[in-house]
Visitor: 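One structure follows; several queries about it will come next.
In what follows, chains are A, B, ... by sequence order, proteins preceding strands, each numbered from 1. Values in this document were obtained by computation on a predicted structure and should not be read as measured data.
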Number of protein chains: 2
Amino acid sequence: MMIGELSRRTGVPTRLLRYYEEQDLLHPDRAVNGYRDYGETDVRDVQQIRGLLDSGLTTEMIRAILPYLSGPDEIHLPPQCLTPQTAALLRGEIDRIQARIDCLARNRDRLRAYLTVVQPVVQPVVQTKGEDL
Amino acid sequence: MMIGELSRRTGVPTRLLRYYEEQDLLHPDRAVNGYRDYGETDVRDVQQIRGLLDSGLTTEMIRAILPYLSGPDEIHLPPQCLTPQTAALLRGEIDRIQARIDCLARNRDRLRAYLTVVQPVVQPVVQTKGEDL
DNA sequence: CCTTGCCTTCACACTGATGTGAGGGTTTCA
DNA sequence: TGAAACCCTCACATCAGTGTGAAGGCAAGG
């Protein structure tokens, strides 16, 4: 499919799809006329990229792990592709993701705690006539 | 305390402390000579700010909620200071953080699954004399 | 007094992720 | 043939968060 369709199907502007290619996250084929030619799997990949970017990962990290996230269930890479170095790299990325999760969870908890302290109970509705906000 | 000490105690460069002030997140007093004069609570505030920034909140959001977060345990502001809008905003942010956590956890699990499939068992320890990692 | 090490403001610059538009080719359809 | 709707590259702009350095004031100590 061409870039416009991928954009429509993912909701991601074409500008970003080109940017992700520039960042080596997507590798569409090129048609004879030079148009990018995306495959079906790119839809999922793009959503994956968006989610990870939004979660605070850099394109660099995503570039490192994306190949191993591609298949939903099926692993297509033969085991010997996983060199010790790659395995170590993956473990490192997992750790970093975990650290990020911890950080986010911590701050989520802080915000939640605050919210419950300050608003212990959701006010049913206004019972006085004044609007004091 | 002066900016240098706060910087040392929080690990945040002075440049950023000034930036946060410019963004209306910190409000140090000024000594007669013009030096910024921070209080003890600012240490916690700065860490708070760092965490929230790192969690993807903008300075604008933080500015909106920080006044309510200042006390470590004690909330001294009356609850009506938190407008319903701000509360909603806060809940929205919490939800978004949660979504990020979910996304990251999902992908972390995938990477782990990939590793365990491809490397079903962690080699106990080196039993041969080579160090190959 | 002079150096050293704080502090001040100002300001330019970079990065990553994005928006936006110019200038131009291609395909399709009327 | 011409307009519409695609596509291309290039490039400048924005935004938040930072780095960095210049130019200078203040304080303490030899």
Visitor: Provide, to the nearest angstrom, the distance between the CD1 atom belonging to A/Ile49 and the P atom belonging to C/dA17.
Guide: 11 Å

Visitor: I'd like to check B/Tyr20 versus B/Arg15 (side-chain heavy atoms, cut-off strictly below 4.5 Å). Are they in contact?
Guide: no

Visitor: When A/Arg100 is tested against each of A/Ile97, A/Leu104, A/Asp102 for side chain to side chain contact (heavy atoms under 4.5 Å, CB included), which residue passes?
Guide: A/Leu104

Visitor: Give the B/S/- string for nucleotides 3-15 of chain C, one per nucleotide from 5' to 3', where a protein heavy atom under 4.0 Å of the base yields B, of only the sugar-phosphate yields S, and otherwise -.
Guide: ---BSBB-B----

Visitor: Has A/Tyr20 got a side-chain N or O lying under 4.0 Å from the OP1 or OP2 atom of C/dT18?
Guide: yes

Visitor: Using only side-chain N and O atoms of A/Thr59, determine if any of them is under 4.0 Å from OP1 or OP2 of C/dA17.
Guide: yes

Visitor: Report the distance from atom CD of B/Glu22 to atom C1' of D/dG17, rounded to the nearest whole Å.
Guide: 11 Å

Visitor: Side chains of A/Gln48 and B/Asn107 only: does a donor on one sit below 3.5 Å from an acceptor on the other?
Guide: yes

Visitor: Working note: A/Glu5 + A/Arg9, criterion salt bridge (Lys or Arg N to Asp or Glu O under 4.0 Å); need CA distance, chi angles, decisive distance, verdict.
Guide: CA-CA 6 Å; A/Glu5 185 180 345; A/Arg9 287 176 59 181; 3.5 Å; yes

Visitor: Rounded to whole angstroms, how far apart are CG on B/Asp54 and P on C/dG16?
Guide: 17 Å

Visitor: Could you tell me if the side chain of B/Pro28 sits less than 4.5 Å from the side chain of B/Asp37, heavy atoms only?
Guide: no

Visitor: What are the two closest non-hydrogen atoms of A/Leu25 and A/Ile49, and how far apart are they?
Guide: CB-CD1, 3.7 Å

Visitor: Indicate yes or no: at least one non-hydrogen side-chain atom of A/Leu90 is less than 4.5 angstrom from one of B/Tyr114.
Guide: yes

Visitor: Rounded to the nearest angstrom, tell me the gap between atom CG in A/Leu17 and atom C1' in C/dT20.
Guide: 16 Å

Visitor: In this structure, how many angstroms lie between the C1' atom of D/dT14 and the CD atom of B/Glu60, rounded?
Guide: 15 Å

Visitor: According to a strict under-4.0 Å criterion, is B/Tyr19 in side-chain N/O contact with OP1 or OP2 of D/dT18?
Guide: no

Visitor: Rounded off to whole Å, could you give me the CD-to-P distance for the B/Gln23 and D/dC15 pair?
Guide: 12 Å

Visitor: To the nearest Å, give me how far apart CG (A/Leu25) and C1' (C/dA17) are.
Guide: 12 Å

Visitor: Between atom CG in A/Leu57 and atom C1' in C/dG16, what is the gap in whole Å?
Guide: 13 Å

